[in-house]
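Below is one structure, written out as structure tokens; the observations come after it.
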Amino acid sequence: MTEGKPVLEGELVAEGEPVLEGQLVTEGKPVPEREVVAGGRPVAEGELLYAYAVARDTGPARDVPETVTGVAGEPVREVCHEGFAALVGRVPAAEFEEGALRERLEDLAWLERVARGHQRVVDAAVSLFPCALPLRLATVYHDENGLRRMLTAGREAFGTALDRLEGRVEWGVTVYATSAPAEAPPQPSGPPSGRDYLRRRGAERRAAEAGARQEARQAEAVHETLAALAEAVRLYPPQNSPLAAHPGRNLLNAAYLVPRDRAEEFTRTVSQLTDRAPDGFRIRLTGPWAPYSFVTHDPCVPEAP
């Protein structure tokens with residue numbers, strides 16, 4: 001596995017810092033009183049059931065390693081229903097019920113901790129199942145019955161998504177350019193006139209624009225080469241904020257859906273492109289990840305009836 005992944009983007013993940021849509025996903029309408037229905041495992045008072053990912057139930061229950069803990073440091077287990085297995089953990093309602101969560105979305109340190117915990121469990125799901133669908137951050141239910149209702153309501157959508165994504169993983173690729181400033185045109189021999197100054201500034205601007213066009217063509221060539229090895233691609237806006245973790249100008253920010261049996265070819269191609277890249281041109285690969293960018297959450301996390 002390569003260096004650390006951007007954790008979450010709400011609907012999907014992009015690379016870099018965790019970014020959220022600020023949406024709370026619950027089992028549907030607020031439930032004023034806890035109601036435990038026969039057949040559902042109750043959650044202790046003051047707790048909610050946090051769901052991380054959904055996969056097919058392919059047989060005996062899998063033991064999630066003890067080292068894999070959830071967003072609140074809780075152990076993670078399977079809940080199986082309707083031919084699907086969901087990875088879940090118990091979390092404090094004081095942090096994850098709707099009102100409290102909306103307040104905590106302003107706490108960036110808390111948000112980062114939760115996003116990383118969510119990512120940790122989803123990564124484990126990828127190793128435990130042939131294919132796992134990541135759920136949105138903060139998908140919580142009052143008890144197992146709410147979770148089971150969601151799995152029942154989403155049976156068709158989950159099955160379709162798993163059929164489409166099974167045997168495939170997501171790779172993230174970003175390209176940055178840290179090219180040196182364009183060479184300045186020669187200074188005039190005598191005192192510069194206003195016309196000389198304008199000519200000089202024009203020459204500098206044209207040189208910078210030509211350099212930017214060349215960098216864009218190089219990034220496009222990288223993308224076209226990698227897209228030919230992928231079944232699907234999702235392009236994200238460049239990350240050029242002052243808080244970006246990488247220096248230079250972000251030219252490409254993309255996710256590629258790649259069959260597992262082509263993973264070696266894909267990573268080898270990225271390595272070759274990196275070796276041939278000009279000075280100041282950096283290609284960064286992350287993954288393999290669960291296919292965050294290729295999961296449509298709205299149909300996959302329906303409201304429970």
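Everything numeric in this text was worked out from a predicted model, so none of it was measured. Position 1 is the first residue of the sequence, and the numbers go up from there.
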- When rounded to the nearest 0.5 angstrom, what is the spacing between CG in Leu133 and CG in Leu162? 4.0 Å
- Here the pair of heavy atoms bringing Trp171 nearest to Ala263 is CZ2-CB, 4.1 Å
- Backbone of Gly146 reached by a side-chain donor or acceptor of Asp143 within 3.5 Å: yes
- Can you name the nearest heavy-atom pair linking Glu170 to Ala255, along with the distance? OE2-CB, 3.5 Å
- Gap between atom CG of Leu147 and atom CG of Leu48 - 0.5 Å precision: 12.5 Å
- Item | Arg113: salt bridge (charged side-chain N to carboxylate O under 4.0 Å, His left out) partners, not counting sequence neighbours | Glu95
- Task: Could you list the residues that satisfy ring-ring contact (aromatic ring centres under 6.0 Å, His included) with Phe84, not counting sequence neighbours?
- Result: Phe158
- Message: I need the Thr225 OG1 to Gln272 CD distance, nearest 0.5 Å.
- Response: 10.0 Å
- Where the side chain of Thr160 meets the backbone of Ala157, is there a donor-acceptor pair that is under 3.5 Å apart? no
- Message: Under a 3.5 Å distance rule, please check whether Arg148 uses its side chain to pair with a backbone N or O of Cys80 as donor and acceptor.
- Response: yes
- Task: With sequence neighbours left out, write down each residue that passes side-chain contact (heavy atoms from CB on, under 4.5 Å) with Arg262, or none if nothing qualifies.
- Result: Leu229, Val258, Pro259, Glu265
- Would you confirm whether Thr174, through its side chain, and Leu252, through its main-chain N or O, come within 3.5 Å as a donor-acceptor pair? no
- Query: CG of Leu273 to CZ of Arg268: how many Å apart, nearest 0.5 Å?
  - Reply: 12.0 Å
- Message: Restricting to non-hydrogen atoms, name the atom on Ala72 and the atom on Val91 that form the minimum distance, rounded to 0.1 Å.
- Response: CB-CG1, 4.1 Å
- Note on the structure: Residues passing the side-chain hydrogen bond (donor to acceptor under 3.5 Å, both in side chains) test with Glu231, sequence neighbours excluded, are Arg168
- Should Val270 and Val222 count as side-chain neighbours, where that means a heavy-atom distance under 4.5 Å? no
- With Val64 via side-chain contact (heavy atoms from CB on, under 4.5 Å) - residues at least two apart: Val68, Val76, Leu87, Leu128
- Query: Can you name the closest pair of heavy atoms from Ala227 and Tyr256 and give their distance?
  - Reply: N-CE2, 3.8 Å
- Query: Of all heavy-atom pairs between Leu165 and Pro291, which one has the smallest distance, and what is that distance?
  - Reply: CD1-CG, 3.7 Å
- Just jot down the side-chain contact (heavy atoms from CB on, under 4.5 Å) partners of Ala232, sequence neighbours excluded, or say none. Leu257, Phe294
- Query: Between the side chain of Ser271 and the main-chain N/O of Thr267, is any donor-acceptor distance below 3.5 Å?
  - Reply: no
Would you give me the side-chain donor-acceptor pairs under 3.5 Å for residues 49-59, sequence neighbours excluded?
from	atom 1	to	atom 2	distance (Å)
Tyr50	OH	His118	ND1	2.8
Tyr50	OH	Ala138	N	3.0
Tyr52	OH	Val71	N	2.9
Tyr52	OH	Glu74	OE2	2.4
Arg56	NH2	Gly159	O	3.2
Arg56	NH2	Asp163	OD1	2.4
Asp57	OD1	Gly59	N	3.4
Thr58	OG1	Arg62	NH1	3.4
Thr58	OG1	Arg62	NH2	2.2

- So do Trp289 and Gln119 actually touch side chain to side chain, heavy atoms under 4.5 Å? yes
- Task: For His81, enumerate each residue passing the ring-ring contact (aromatic ring centres under 6.0 Å, His included) test, keeping only those at least two apart in sequence or located in another chain.
- Result: none
- Message: Donor-acceptor pair, distance only, cut-off 3.5 Å: does the side chain of Asn253 make one with the backbone of Pro237?
- Response: yes
- Partners passing side-chain contact (heavy atoms from CB on, under 4.5 Å) against Thr69 (at least two apart in sequence or in another chain): Arg120
- Message: Checking Glu78 now: which residues fulfil salt bridge (charged side-chain N to carboxylate O under 4.0 Å, His left out) with it, not counting sequence neighbours?
- Response: none
- Query: For Glu220, which residues count as a salt bridge (charged side-chain N to carboxylate O under 4.0 Å, His left out) partner, sequence neighbours excluded?
  - Reply: none
- Task: Measure across Ala100 and Ala94 and return the closest heavy-atom pair with its distance rounded to 0.1 Å.
- Result: CB-O, 3.0 Å
- Any side-chain heavy atom of Arg77 within less than 4.5 Å of one from Val88? yes
